[in-house]
Colleague: 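Sharing a structure, written as structure tokens. Questions coming.
What you see below is based on every heavy atom in this structure, not just the backbone, and it leaves out hydrogens, waters and symmetry mates. Protein chains get the first letters and strands the later ones, always in sequence-line order, with residue 1 at the start of each.
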Amino acid sequence: MEEIESEDEEDDQILPDLPNAEEYDEIRMRCAPNPNGPWHMGHARMPAVIGTYAEEYDGEFIVRFDDTDPETKRPLLWAYDEILEEVEYLGFEPADVYRASDRLEIYYDHARDLIEKGGAYTCSCSGEEFSDMKNSGEACPHRDKDAETTMAEFEAMIDGEYDSGEMVLRVKTDIEHKNPALRDWVGFRIIDTPHPREEAEEYRCWPMLDFQSGVDDHLTGVTHIIRGIDLQDSAKRQQFVYDYFGWEYPEVIHWGHVQVDEYDVKMSTSTIRELIEDGELDGWDDPRAPTLPSVERRGIRGEAIVDAMVELGTSTSNVDLAMSTVYSNNRELIDDDADRYFFVREDHVDFTLAGDHPEEAHPPVHPEHEDRGTRDIDAGNRVRVEAEDVPEDGERIWLKGFGCFRRDGETFEYAGDDISAVRDEGVDVIHWVPADTAVLTRMRTIHGDQIGYAEPGFRDTEEDEMVQFERVGFVRVDDHEESDESVAYFAHE
RNA sequence: GCUCCGUUGGUGUAGUCCGGCCAAUCAUCUUGCCCUCUCACGGCAAGGACCAGGGUUCAAAUCCCUGACGGAGCACCA
């Protein structure tokens, strides 16, 4: 029995083993977003994977907002909480939440330390000047400054005595390092634009990512870092700081970029924001936007996304996430609970009913759960079907849950309720709605809105409920009240 | 230009460290059939990949070399 359980557990672990996990008492990882907007699908990968690792290793993870650039990557104040909600939506809870903009004094103290150790110098070269020297392996004239001068100038940076661009603090690495990306990088610079957070609005001297993140990873006990290949030189840069302080660098995993298919909109926070500002998207949760608020509104469960992300693994090459995988996961989660309804899309055609047909139709609420009973649809005098489903004149069609009809021009003549017409004679089964009482419904999809008509009982569904429009797909009920049309968000087939 | 890194079917992934059990795993996907008053769910079947070329070896997806292709960094962005 024990053996079986342990085997099962092994099967459950899809992610590759964490490097040197056994050397740490407790695994602790971090998710370090920049709060400059809500998350898109790609952002879900980090909490999905480190949250899963935390579960597998009985460890924990933290969220740390790396909000150290009030200007070019200006944080949005509401994005902090929004992102935390998205982590929750994905089904995870961080052990701690930090904001780098709360921690400036900590970074300053470490910078002072570093200066005393001779590991940093203030530099007033222009970016271009320095870049030229650096690329030819030459030290700039400021490199040999004594620690006292550097310290005084660094304090002046903190005190706001320089304008943006006038002075930076560089970490002294190896000016002749064969990889030019590692040579004497900037640790602190001046930004004139105040930080949007009240708590941080007075600061002008801001650490760069490599300094801030390097210090914080150590101070917050991070044992394993996952980051993108765009940051593959970061560990090597930060290693110089760690060496000055005598710290051990955490384990690092680099992964490639993730792309998501299906969407017409590029997956980038700035692109999405522009489209919203231009009015092309209704907001961050527009179904056409590849964002987490959007997929949540469509009724995709966080778990479906997490499973798909975890399956992507942590390879260093770029990967494409097929939304079909997410949909497949989600279908499995929701199918059992999703009641069935009819929904006739544009273009539609109406037919007058003729003959001795029953007044009501009684299709099952869910084909696999008879106990949930049937819907009762009063057919009225006319039914509405999709143009694509209209049979040739004179041919029969089976209105699902209702009965067989033969088309005669613009009328449907009742042709009985003998199911053998379907089973043995090949009559097609289609969905339909009563034309006069159907519920006008806007179905919002990833490729734009679609108008249609739901059966009357759809009015009684509750907001947030997942239902299946038979032969159309699964949707999340969004709203019945706001306008004269009901609104549903299309999830997937 | 300099410096890193990668390349298994449409997509993702296992296997690569320690060469043979790999004529390559699993999922998704596509197609067909079955089930069915849904094109959902379920069942069955099929399709589809080791970037290329050399080398080492009895044996290479796995080791070595070269090349091609792709990605990333060389920011006072994260």
Side-chain angles (χ1 to χ4, degrees), chain A residues 11 14-16 32-36 65-69 71-75 100 123-128 130-131 134-137 162 164-170 177-183 185-191 205-206 208-210 212-213 227-234 236-237 254 256-259 261 269 307-313 315-329 331-332 334-336 338 340 342 361 363-364 366-368 398-404 417 419 421-423 427-431 468-474 492-493:
Chain A
D11 285 349
I14 335 156
L15 286 167
N34 184 317
N36 61 347
F65 291 101
D66 283 355
D67 54 349
T68 54
D69 185 349
E71 199 165 272
T72 55
K73 295 248 165 127
R74 189 170 179 78
C123 170
S124 55
C125 293
S126 73
E128 203 180 326
F130 187 85
S131 176
K134 180 200 68 181
N135 286 333
S136 52
Y162 298 106
S164 163
E166 282 186 346
M167 188 70 81
V168 298
L169 182 75
R170 287 188 186 280
H177 197 285
K178 66 173 182 171
N179 184 348
L182 308 188
R183 299 172 186 165
W185 44 273
V186 172
F188 287 79
R189 83 297 206 189
I190 306 295
I191 296 175
C205 176
W206 287 91
M208 297 287 289
L209 172 81
D210 278 317
Q212 173 266 123
S213 167
R227 60 175 149 228
I229 44 174
D230 49 328
L231 263 26
Q232 58 192 326
D233 290 329
S234 264
K236 293 173 193 155
R237 272 201 277 254
H254 294 285
H257 299 294
V258 58
Q259 288 187 311
D261 67 359
T269 304
D307 290 348
M309 288 294 176
V310 166
E311 278 168 35
L312 292 183
S315 103
T316 54
S317 40
N318 294 345
V319 294
D320 293 329
L321 171 67
M323 281 304 285
S324 59
T325 306
V326 176
Y327 297 157
S328 171
N329 292 343
R331 199 150 41 222
E332 201 171 318
I334 63 170
D335 184 34
D336 212 47
R340 268 53 174 171
F342 293 145
H366 193 295
E368 282 177 11
W398 186 283
L399 299 183
K400 202 166 181 329
F402 194 22
C404 197
D417 63 353
I419 194 61
V422 170
R423 286 183 180 158
V427 171
D428 288 334
V429 177
I430 64 167
H431 59 288
Q468 188 203 48
F469 285 153
E470 296 196 59
R471 306 210 308 143
V472 175
F474 293 90
H492 46 75
E493 290 185 350

Colleague: Given atom CG of A/L312 and atom P of B/rU28, what is their separation to the nearest angstrom?
Modeller: 15 Å
Colleague: If you measure from the P atom in B/rU66 to the same atom in B/rC21, how many Å do you get, rounded?
Modeller: 28 Å
Colleague: Nearest 0.5 angstrom please: A/W206 CH2 to A/F188 CZ, how far?
Modeller: 10.5 Å
Colleague: Would you measure the distance from the P atom in B/rA14 across to the matching atom in B/rA27 and give it in whole Å?
Modeller: 15 Å
Colleague: Who is the Watson-Crick or G-U wobble partner of B/rC51, with both distances under 3.5 Å?
Modeller: B/rG67
Colleague: Is a side-chain N or O of A/D261 found less than 3.5 angstrom from the main chain of A/M323, in a donor-acceptor match?
Modeller: yes
Colleague: Quick check on side-chain contact (heavy atoms from CB on, under 4.5 Å): which of A/T325, A/V319, A/L15 does A/L312 satisfy it with?
Modeller: A/V319
Colleague: Mind checking side-chain hydrogen bond (donor to acceptor under 3.5 Å, both in side chains) for A/H177 and listing every partner two or more places apart, or none if nothing turns up?
Modeller: none
Colleague: Between A/R170 (side chain) and A/R183 (backbone), is there a donor-acceptor pair under 3.5 Å?
Modeller: no
Colleague: Nearest whole angstrom, please: distance from the P of B/rU11 to the OH of A/Y327.
Modeller: 18 Å
Colleague: With both distances kept under 3.5 Å, what pairs with B/rG20, Watson-Crick or G-U wobble?
Modeller: B/rC58
Colleague: Mind checking who B/rG9 pairs with, Watson-Crick or G-U wobble, both distances under 3.5 Å?
Modeller: none
Colleague: Take atom CD of A/E311 and atom P of B/rC26, then tell me their distance rounded to the nearest Å.
Modeller: 14 Å
Colleague: Look at the side chain of A/R340 and the backbone N and O of A/A338, then say whether any donor-acceptor pair between them is shorter than 3.5 Å.
Modeller: yes
Colleague: Under a 3.5 Å cut-off for both distances, is B/rA78 Watson-Crick or wobble paired, and to whom?
Modeller: none
Colleague: Looking at A/E332, I want to see if its CD is surrounded by more than 12 non-hydrogen atoms of other residues, nucleotides or ligands under 6.0 Å.
Modeller: no
Colleague: Nearest of B/rU28, B/rA27, B/rU3 to any side-chain atom of A/K178?
Modeller: B/rU3
Colleague: Indicate for each nucleotide in nucleotides 40-50 of chain B, in 5' to 3' sequence, whether protein heavy atoms under 4.0 Å reach the base (B), only the sugar-phosphate (S), or nothing (-).
Modeller: BB---------
Colleague: For B/rA24 versus B/rC58, give the span between their P atoms, rounded off to a whole number of Å.
Modeller: 26 Å
Colleague: What does nucleotides 68-78 of chain B look like as a protein-contact string, B for base, S for sugar-phosphate only, - for none, at under 4.0 angstrom between heavy atoms?
Modeller: ---BBBBSBBB
Colleague: Does some side-chain heavy atom of A/N318 sit less than 4.5 Å from a side-chain heavy atom of A/I229?
Modeller: yes
Colleague: Short question: side chain of A/H254, backbone of A/D233 - any donor-acceptor pair under 3.5 Å?
Modeller: no
Colleague: Distance between the C1' atoms of B/rA61 and B/rC50, in whole angstroms?
Modeller: 4 Å
Colleague: Please report the distance separating the P of B/rU28 from the corresponding atom of B/rC77, rounded so that it comes out in whole Å.
Modeller: 46 Å
Colleague: Is it true that a side-chain atom of A/R331 and a backbone atom of A/E493 form a donor plus acceptor pair closer than 3.5 Å?
Modeller: yes
Colleague: For A/R423 and B/rC37, what is the distance between atoms CZ and P respectively, to the nearest whole Å?
Modeller: 4 Å
Colleague: Which whole number of Å gives the distance between the C1' atom of B/rA46 and that of B/rC63?
Modeller: 36 Å
Colleague: When you compare B/rC26 with B/rA49, how far apart are their C1' atoms, in angstrom units rounded to a whole number?
Modeller: 14 Å
Colleague: Using both distances under 3.5 Å as the test, list the Watson-Crick or G-U wobble partner of B/rA14, or none.
Modeller: none
Colleague: Hunt down the Watson-Crick or G-U wobble partner of B/rC35, both distances under 3.5 Å, from any strand shown, or write none.
Modeller: none
Colleague: Please determine if a side-chain N or O atom of A/S315 lies less than 4.0 Å away from the OP1 or OP2 oxygen of B/rU13.
Modeller: yes
Colleague: Round to a whole Å and report the spacing from CD1 of A/I334 to C1' of B/rU38.
Modeller: 15 Å
Colleague: For A/D428, is there an ion pair with A/K400 - N to carboxylate O distance below 4.0 angstrom?
Modeller: no
Colleague: Please report the distance separating the P of B/rG6 from the corresponding atom of B/rG15, rounded so that it comes out in whole Å.
Modeller: 16 Å
